[in-house]
Amino acid sequence: MDLVTALGQAGAGRGDLVGLAVAPDGTVAVAVAGAGWMAPASAVALADRALRPRWVTWSQDTALRLVPAGARLATCWDVAAVHRLLFGGWRADPGWAWAHLRGLPPGEVPAPGERTPGAADLFDAAEEDAAASRAAASDGGRKDPVGPDGYLSREWTRGGWADSPVRLQAWARLAREAAELQGAALAGKEGGEAGVATARSESTAELLCAELATDGLPMDRAVAEQVLTRIIGPRPRDEAASAAVRAARDGEVLRHAPAGVTADLRSPVQVRSLLAAAGVEVPDTRAWRLEEFRDSHPLVAALLQWRKAERIATTYGYGWLDEHLGPDGRLRGSWTGSDGAAGRMTASNGLHNMPAAMRAAVIAAPGHVFVRADLGQIEPRVLAAVSADQALAAATSADDLYLPVAAQLGVDRPTAKVAMIAAMYGQTTGHGGQAGWRMRAAYPVARAYLDSADRSARAGRDLRTYGGRLVRMSGGGGSGTPGADAARVAARGRYGRNALIQGAAAELFKMWAVTVRARALPLGARIVLCLHDELLVHVPAGHAQQAARLVSDCLAETARRWAPGSLGARDGQGGEGAAGAPVRFIADISVVRCWADAK
DNA sequence: GATTTCACGTA
DNA sequence: CGTACGTGAAATCC
């Protein structure tokens, strides 16, 4: 019997939770509450299209094994992603998440594969031996993954889950059980509806992450090498040539040094001495600090230029290309759906901090273009939404939100912008001057929201974003800690304020991204980069305009579903839904062949 | 050899 | 005009 039929007979339909586990060797197990099956990845893909259940996975690892096998799932419930949402922090392995769901103290949960030194190691070895013999005694695969103490068996969490088909099915079933516990936990909370919606988009964002990692970012190798040649010279033929290039680059700076003075430019300490010898006294040698001395001595300008080239040479040079740009012209790195703090996506291998100059090499494949879209003024708009400040929400109807804000405050636009950003992220002193005080008066609801976040964070109380993500403020230097001096307390306040805005923006962004991912699929469009508020979609040229429109429509759809008081979204909570003005979100969208051509 | 500090790229 | 992240080299710790 094929998987579609089996799942259908088990009653699994659209949106129903179906457990899914994939062993490192690619073996796939599928499970519902009372049954389990082994299936090839292709059958999972077929069942996804036919039934569209919500596949439950322990983590992104599942999709990372399925996507290369051609199975791209529509939606999922990712236990790790939802764990981070519910409980905060970064750690989210099965044993850790399970202990939290069961209300067990997580302190004893070992990291998967963790080997603690000394006596603990001996203990672990003994425990594992005992587990192995118990498993053998009870026919090799039937031992319960949940131990008598309620924790997951460390023998299972350290890889034993994949040891047999029976175990793999049990692991899939257990993921499903964890998902149901998570769903219940979310539904029980204040604003549970939003939490469940966030859990779903955060989960599906993990599928997107696996696809981003697998597909990579289109990059033209020849153009990339041209860019590098312009900045750091041609590719050195050997180590000697490389050293010569470095020496020449250093010489361009050191020739401005006073006679007889030299330094290793890679050593901040020596650079500081070098600058002192040239009459420039600085506490450190960071670029922003050196900027004001740019004209005091030619050494400074030369050094700043050297730093730029050195950054490219060491981090984004030929070695970087060789290591991360595949023969298929795709730049690849790993992706996480949420960092440990506010929940933004992260990427490795420089995908998120590539120097702007390298964007010239990000070029669509033949016959394709990019639809590039970035959210405009996302943070103040998100603030209007999450705080439900009607005055600020009214300002979001403008394409440039800072114009009505400036008019309201009676200041010019740059002043209004600085005051807004200071309010959201926290000026270090006072209330940001006259504009800051007017801001607080003009937008009292937003002000109260930020003040409340600031107070809670200072006091070490945990916060939750609008979408329900826990931002941990407790533990590690909480309130009342003697070492928590005024500066550190203030920093915590800024962190908390920032996390609620940045976190909510990240949730909106991911909901937008997974919506685009789903809707754009029929056009052959693929998201190839996510950059906090920017999407890069790779699409066949013939569908570019359709895709651009779709990206815009998806933002409107997402905003309706996400924003409070917006066009009927989130009503049913005491009827306040219709009270607020809708918050308008905007995106700047362009169709380009090269990323550098956007904007 | 592992960890921390400095620095800097992106948003 | 603050926060976050990832990276690499030097400095420092053990």
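Every chain is numbered from 1, with letters handed out A, B, ... down the list of sequences.
Of the candidates dA11(C), dA11(B), dA9(C), dA9(C) carries the atom nearest the Arg266(A) side chain, counting heavy atoms from C-beta on. If you check dG8(C), dG2(C), dC1(C) against the side chain of Ala422(A), the one that comes closest is dC1(C). Residue Arg311(A) has its side chain nearest to dC8(B) when only dC1(C), dC8(B), dT3(C) are considered. Closest to the side chain of Leu531(A), from the set dA7(B), dT10(B), dT7(C), is dT10(B). Proximity note for Asp339(A) (side chain, C-beta onward) versus dG8(C), dA4(C), dA10(C): the nearest is dA4(C). Side-chain proximity of Asp284(A) to dG9(B), dA11(B), dA7(B): nearest is dA7(B). Side-chain proximity of Ser267(A) to the nucleotides dA10(C), dA11(B), dA7(B) is greatest for dA10(C).
Within 4.0 Å (heavy atoms only), Ala287(A) reaches sugar-phosphate atoms of the nucleic acid but no base atom.
Side chain of Arg221(A) to backbone of Leu325(A): a donor-acceptor contact under 3.5 angstrom is found. A donor-acceptor pair under 3.5 Å links the side-chain atoms of Arg472(A) to the main chain of Phe87(A), judged by distance alone.
The closest side-chain heavy-atom distance from Arg266(A) to Trp306(A) is below 4.5 Å.
Put simply, CZ on Arg359(A) is 8 Å from C1' on dT10(B), counting in whole angstrom units.
Remark: the Arg438(A) side chain and the Thr415(A) side chain contain no N/O donor-acceptor pair separated by less than 3.5 Å.
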